[in-house]
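Shown next, in structure tokens, is the structure this report addresses.
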Amino acid sequence: MTYPQTSSCERHQAEPPCPVVVCDAGRWLRRMRLPADALTDLLRMPVGDEMALFEFDGPPLGHDSGAGVARARIERRHDGVWRFDALWTLGIGNARRRGSIYAVGEFSIHSPSKLSWDARHGRAMRRLLRIVRLSPWATRMAVAMGNHSSNNR
């Protein structure tokens with residue numbers, strides 16, 4: 001019986017690192033429709049703290065829609081790394097094609113002007129962007145339906 005002559009290091013090589021997406025922080029803030037000082041607030045957050053970008057848990061927002069939840073949050077995990085999660089289950093918009101949207105991922109802030117995330121979190125980052133950009137629309141609909149506590153903009 002013969003055994004292969006490869007070492008254990010060659011047989012169990014580590015996977016190659018995931019590609020990283022680097023983004024300009026100012027552009028990211030504009031696309032998220034966040035104020036310019038939001039990045040400063042993220043940098044000043046203590047570890048474990050959470051920032052709610054958008055939260056809605058209320059009555060139905062239309063005649064043919066059911067109750068649902070919409071939220072987007074960012075939490076500081078450890079030095080230089082933030083975790084985001086977003087959820088959209090409101091029965092409005094494209095709810096007939098896609099009943100819910102969920103996104104979770106991590107990003108890093110390298111300097112006051114650069115953000116980065118693994119390429120595998122790119123789809124989740126686009127979903128986060130979509131949910132945050134829908135928040136003013138949901139707020140306007142809630143106010144129009146009589147939910148005046150949603151008028152916090």
Side-chain angles (χ1 to χ4, degrees), residues 14-153:
E15 293 182 20
C18 185
V20 175
V21 177
V22 178
C23 177
D24 177 52
R27 182 174 182 256
W28 182 76
L29 289 172
R30 286 189 299 275
R31 291 188 70 202
M32 296 278 281
R33 296 182 180 158
L34 293 174
D37 61 345
L39 192 63
T40 305
D41 294 340
L42 286 174
L43 288 168
R44 290 183 181 165
M45 285 172 55
V47 174
D49 201 10
E50 183 177 281
M51 176 189 293
L53 301 176
F54 170 65
E55 286 188 328
F56 179 83
D57 181 13
L61 293 178
H63 302 293
D64 60 344
S65 69
V69 176
R71 71 169 186 254
R73 297 182 292 202
I74 296 176
E75 174 191 4
R76 186 159 189 176
R77 300 290 288 221
H78 47 84
D79 192 32
V81 177
W82 284 259
R83 179 185 182 272
F84 63 87
D85 71 286
L87 174 67
W88 182 277
T89 62
L90 295 177
I92 55 177
N94 292 332
R96 284 159 185 69
R97 290 187 307 154
R98 180 180 54 236
S100 64
I101 303 172
Y102 181 67
V104 64
E106 290 184 345
F107 66 93
S108 299
I109 301 176
H110 297 286
S111 69
S113 62
K114 295 291 179 193
L115 299 173
S116 71
W117 55 86
D118 288 344
R120 66 175 184 248
H121 294 301
R123 187 174 189 181
M125 186 61 83
R126 287 190 300 272
R127 288 178 178 171
L128 172 71
L129 172 70
R130 178 74 176 142
I131 290 171
V132 171
R133 290 181 65 134
L134 284 172
S135 65
W137 179 61
T139 302
R140 284 193 306 272
M141 286 188 69
V143 170
M145 295 297 290
N147 185 354
H148 296 289
S149 63
S150 297
N151 194 10
N152 59 2
R153 282 198 163 250

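Because only heavy atoms are used, hydrogens play no part in the values below, and waters and symmetry mates are left out as well, while side chains stay in.
Residues R73 and E55 form a side-chain contact, since some pair of their non-hydrogen atoms from C-beta on lies under 4.5 Å apart. Side-chain contact between V20 and D118 is present, with heavy atoms from C-beta onward closer than 4.5 Å. A heavy-atom distance below 4.5 Å is found between the side chains of L115 and L39. With a 4.5 Å cut-off on side-chain heavy atoms, R83 and V104 count as touching. Counting only heavy atoms from C-beta outward, the side chains of M125 and V21 never approach each other to under 4.5 Å.
Atom CZ of F54 and atom CG of L34 lie 13.0 Å apart (nearest 0.5 Å). For the atom pair H78 NE2 and E106 CD, the distance stands at 6.0 Å (nearest 0.5 Å). From E75, atom CD reaches atom CE of M45 across 7.5 Å, with rounding to the nearest 0.5 Å. In this structure, the separation between CZ on F107 and CG on L128 is 8.0 Å, given to the nearest 0.5 Å. W117 CH2 to F84 CZ: the interatomic distance, rounded to the nearest 0.5 Å, is 8.0 Å. Considering CZ of R133 and CZ of R33, their distance stands at 4.0 Å, rounded to 0.5 Å.
In terms of heavy-atom proximity, R71 sits nearest to D85 at NE-OD2, 3.6 Å. Taking every heavy atom of both residues into account, S113 and D24 meet most closely at O-OD1, 3.3 Å. Across every non-hydrogen atom of Y102 and L87, the tightest pair is CD1-CD1, 3.9 Å.
By the side-chain hydrogen bond (donor to acceptor under 3.5 Å, both in side chains) test, R31 pairs with no residue at all, sequence neighbours left out. For S108, the side-chain hydrogen bond (donor to acceptor under 3.5 Å, both in side chains) test picks out no residue, with sequence neighbours left out. With sequence neighbours left out, the side-chain hydrogen bond (donor to acceptor under 3.5 Å, both in side chains) criterion links S116 to H110.
Between the side chain of R127 and the backbone N or O of A103 there is no donor-acceptor pair closer than 3.5 Å.
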